[in-house]
Structure formats: C-alpha cells, structure tokens
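Naming convention: chains lettered A, B, ... in sequence-line order (proteins, then strands); numbering from 1 in each chain.
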2 protein chains.
Amino acid sequence: MKHAHTHDLEHDLLAAAQWCAKRGEKLTDQRREVLALLLSAQGSMKAYDLLAEIQKQRPTAAPPTVYRALDFLVTAGLAHKLESKNAFVACCDFEHPHHGLMLICDRCHKVTELSDERLAARLAEDAASHGFSVAAQDIEVRGLCRNCRDGDTEGAA
Amino acid sequence: MKHAHTHDLEHDLLAAAQWCAKRGEKLTDQRREVLALLLSAQGSMKAYDLLAEIQKQRPTAAPPTVYRALDFLVTAGLAHKLESKNAFVACCDFEHPHHGLMLICDRCHKVTELSDERLAARLAEDAASHGFSVAAQDIEVRGLCRNCRDGDTEGAA
DNA sequence: GCCAAAGCTGTTACGTTATAACATTTAGCA
DNA sequence: TGCTAAATGTTATAACGTAACAGCTTTGGC
Ligand SMILES: [Zn+2]
Ligand SMILES: [Zn+2]
Ligand SMILES: [Zn+2]
Ligand SMILES: [Zn+2]
C-alpha cells in the first residue's frame, strides 16, 4: 500500500506555483493549502471536508475561504470538480491541456483521470453533427476500479 | 418557433405509463405531473422550480413530493439528472436503452440528448485499459447550440 | 368483506452545498 | 506615501437534498 511522499507533494506544489506565475496569478497560502489537501487525498474531497481540515489550522475559516480557493484552482486548471459527487480532485497533469475522462470508483472513491483525444474528437463530432459546438467536456464515469472489482476489501467505505 | 402540442404530451405520458406498467410500477398522478412539466419544458428544470409549479395545484407540496417523483422517474429511465446543473430533463427515448450524451446549451439552456454506441464503446475501452469497469455513463457537454451560435437572440437568459 | 403487507403520500425538520454582500487587509506600484 | 487591485474576513442566507415518522391507499390472500 502506497502513500504520498512529502517530497512529491512539495514538487507538485512548486510546479503549481510556477504554473500560476506563468499565468500572472499567485498560488497564495490558502490556495496552496487546499491544493495540498487535494493532492494528498486518496480520492476526491468535498468542500466542507476541506473546510474542516483548514479549520484545524485557521479556526476562523468559513465556507467562502475554501470555495474561493477551489474556484481559483479549478479555473487555473489545477483541480477539477466532480459534478456527480459535488467533490473536487487535483488535476493529474495541469501543464498539458487535456480532455478529462474521470473514472470514479463507487466503492473506494478513488479517481483516475485519463485523456483520450480521439474520444474527445468523436464527441465533438457527434455534437457538431447536431450543430452544437462544444465548449467544455469533463466526462465522469462511475464504476469499479481494478482493485475493487477484484474483490479487494481495503478500500471499502 | 415551435411549441409542444398537448396531443404529443398526452401521447408521451401514455407511453410512459405503459412503460411503467411493463416494469410493474405505476405512473401516479404526482409522477405524471412532474414528468409532464419536464416534457413541456424547453430545457431542463430544477427541483425547486418543479416544486413551485406543483404548488400552484397543490399548495401543500413539499420538497420530498418532487424529489420522490424525480427519483422514480430517473430510476425508471423516464428522466435524467444533469449533474452539472443540478437539474432534470425528460428522456427523449426511454423505451430504448441508450448511453446518454447530453448537449447542454449554456445560452438558451436547451438540452439535446444523443446516443452514440461507438462513443460509449470507446469510453468503456479506455476505462477497461486501466482495469476500470464502467457501471453508468452519462456524458454531459456544455457549449452552444446551433441557434445560439448563429447569433439567435430569442433564447437568451 | 376483512385483514395484513406493501407502496405511496403528507408533513416536519434538518443536513449539505454554495453564494451574496460588505468590511478589511494585503500586495504592487506610481 | 498614497492609490488601486487583489485577496481575505465575516455574516448571513440561498439553493439543493434527505431523514424520519405518520397516515393513507392499493393489492392480494383468506
Ligand atoms: Zn486534469
Ligand atoms: Zn475502487
Ligand atoms: Zn435518455
Ligand atoms: Zn442555445
């Protein structure tokens, strides 16, 4: 069983800060804190769970504290919102524009983010054939990950 | 500019009732009322907007009234939930199992439901290549419909 | 018809998710 | 320094959704 290494986390946070700087924005403490929580999470996290974590450090934090950070991270491409769960997840590859295909395990709640340009192209084609121009596509799929399908019991809720 | 005809609506409701009966379930008055509202809507409808409509007839209706009807309709395949909007839409072809691809116009809010088996297959393939078995896929895509892209001003919010 | 079981509805209360609005502080810069 | 824009603090409330329990209605066996 793996766990995230602090070194990896620091590396990711540094890359994120540089990514923000390149866009003329800043990864402030609050934003970094939320991103760190998302990066460290096994799966996705809900806004109020993030808030509870933040409040361990800053007891005065309120919903806008975390929602503002989340809005920033999502807009900057550093995180994604899982609409079907009202939850958030760190982007696995924010430096390269991609069409996220989110595989969400219903059992262990882990999220795997893929990118398939041909799938995205086919989708855009279908839409275009109906006169529809696609602006944003984030495909969310529910199911079972390999571990959970194979009868693993570690990740059960 | 078209509008739904009562005749079509009655036809759809009858077909829905028969569909329920075939499943050993019933399209009760409340469920039919909610479905009728969804079928008559130009785009999707939110639960509390449906509630407000229902309350014009039954002033005592409460949130569970509409959420129960919606749960039933979604489970029966008569309606879909648009996760990215927290809204609901009538299914365009509930008698045939399909993989919904929802084109949601960000401007006029109309929803077009497609089904593309090859797209669904490709998606399942991508997932399988990561050991993930897909249980449910409802793809939601935001963008602009033909009318709105062509500069139509009628549907603006 | 009577009863019991199951399903549906009424009703109250509450939990969860998200934002509006305005005050204050901080950061960047002339 | 003093101006401005961005970020944060703070309070309150809007929007979305469900738990729990009581009552009613339909159905099927007797
Ligand atoms: Zn991503
Ligand atoms: Zn799993
Ligand atoms: Zn459908
Ligand atoms: Zn449109």
Side-chain angles (χ1 to χ4, degrees), chain A residues 16-17 20-35 37-38 41 43-76 78-89 109 140 157, chain B residues 16-17 20-35 37-38 41 43-76 78-89 109 140 157:
Chain A
C20 290
K22 197 180 296 181
R23 292 165 45 95
E25 294 173 317
K26 282 172 294 185
L27 189 67
T28 62
D29 286 349
Q30 294 197 1
R31 293 163 180 175
R32 183 189 357 250
E33 203 170 347
V34 170
L35 180 57
L37 286 168
L38 291 179
S44 58
M45 288 190 75
K46 300 205 147 218
Y48 276 72
D49 291 337
L50 288 163
L51 177 58
E53 290 300 315
I54 298 285
Q55 283 176 332
K56 289 179 181 173
Q57 308 292 335
R58 315 172 187 248
T60 65
T65 305
V66 63
Y67 278 105
R68 282 167 179 157
L70 287 169
D71 284 349
F72 173 86
L73 294 173
V74 169
T75 300
L78 294 168
H80 299 290
K81 177 173 185 178
L82 302 181
E83 300 284 0
S84 66
K85 294 186 66 168
N86 293 323
F88 300 83
V89 64
H109 308 296
E140 297 179 23
Chain B
C20 290
K22 198 181 296 182
R23 293 166 44 98
E25 294 173 318
K26 281 172 294 188
L27 189 68
T28 62
D29 285 350
Q30 292 197 3
R31 293 164 180 174
R32 177 180 14 242
E33 204 170 345
V34 170
L35 180 56
L37 287 169
L38 291 180
S44 58
M45 288 190 73
K46 303 204 149 220
Y48 276 70
D49 291 339
L50 288 163
L51 177 57
E53 290 300 315
I54 299 285
Q55 284 175 334
K56 291 179 181 173
Q57 308 292 334
R58 315 172 187 247
T60 65
T65 305
V66 63
Y67 278 106
R68 282 166 179 158
L70 287 169
D71 284 348
F72 174 86
L73 295 173
V74 169
T75 300
L78 293 168
H80 299 290
K81 177 171 185 179
L82 302 180
E83 300 285 0
S84 66
K85 293 186 67 169
N86 293 324
F88 299 84
V89 64
H109 309 296
E140 297 178 22

NZ of A:Lys85 to OG of A:Ser44, rounded to nearest 0.5 Å, is 4.0 Å
Whichever of B:Asn86 and A:Arg68 has the more 5' nearest nucleotide on DNA chain C, that residue is B:Asn86
A:Gln55 CD to D:dT10 C1', in whole Å, measures 13 Å
Closest of C:dT12, D:dT8, C:dG10 to the B:Pro64 side chain is C:dT12
Inset, instruction - Look at A:Asp29 together with A:Arg32 and state whether they make a salt bridge at an N to O cut-off of under 4.0 Å. - result: yes
Winner on side-chain proximity to A:Phe88, out of C:dA18, D:dT8, C:dG10, is C:dA18
Under-4.0 Å salt bridge between A:Arg58 and A:Glu33
yes
Give the C-alpha distance, both sets of side-chain angles, the deciding distance and a yes or no for side-chain contact (heavy atoms from CB on, under 4.5 Å) between B:Phe88 and B:Lys46.
CA-CA 6 Å; B:Phe88 299 84; B:Lys46 303 204 149 220; over 6 Å; no
Looking only at C:dA18, D:dT8, D:dA19, the nucleotide nearest the A:Thr28 side chain is D:dT8
Taken to the nearest whole Å, CG/B:Leu50 to P/D:dC16 is 11 Å
Report which part of the nucleic acid B:Lys81 touches: base, sugar-phosphate, or nothing (heavy-atom distance under 4.0 Å, all strands).
sugar-phosphate
Heavy-atom nearest nucleotide on DNA chain C taken for A:Glu83 and for B:Pro63; more 5' hit belongs to B:Pro63
From the candidates C:dT12, D:dA7, D:dC16, the one with an atom nearest any side-chain atom of A:Arg31 is D:dA7
Note to self: Looking at C:dT9, I'd like to know if its phosphate oxygens (OP1 or OP2) sit under 4.0 Å from a side-chain N or O belonging to B:Thr65.
What the structure shows: no
Picking from D:dG17, C:dG10, C:dA18, the nucleotide nearest the side-chain atoms of B:Ala47 would be D:dG17
Taken to the nearest whole Å, NZ/A:Lys85 to P/C:dT17 is 11 Å
note: A:Asp49, atom CG; C:dA18, atom C1'; distance rounded to Å ~ 15 Å
Taken to the nearest whole Å, CD/B:Gln30 to P/D:dT25 is 13 Å
| What about A:Tyr67, does its side chain sit under 3.5 Å from the base of C:dA20 through a donor-acceptor pair? | no
#### Entry: N/O (side chain, A:Lys46) to phosphate O (OP1/OP2, C:dT17) under 4.0 Å
yes
One should read off an interatomic distance between A:Asn86 CG and B:Glu83 CD, to the nearest 0.5 angstrom, of 7.5 Å
Taken to the nearest whole Å, CG/B:Leu82 to P/D:dG17 is 11 Å
Here the distance between atom C1' of D:dT27 and atom CD of B:Glu25, to the nearest Å, is 16 Å
Between CG of B:Asp29 and C1' of D:dT25 the distance, given in whole Å, is 12 Å
(Q) For C:dA27 and A:Lys26 - does any side-chain N or O of the residue sit under 4.0 Å from the phosphate oxygens OP1/OP2? (A) no
Any donor-acceptor pair, under 3.5 Å, between the side chain of A:Tyr48 and the base of C:dG15, if you only look at N and O atoms? no
Test item: B:Leu38 and B:Leu78 side chains (from C-beta on) under 4.5 Å apart, heavy atoms
no
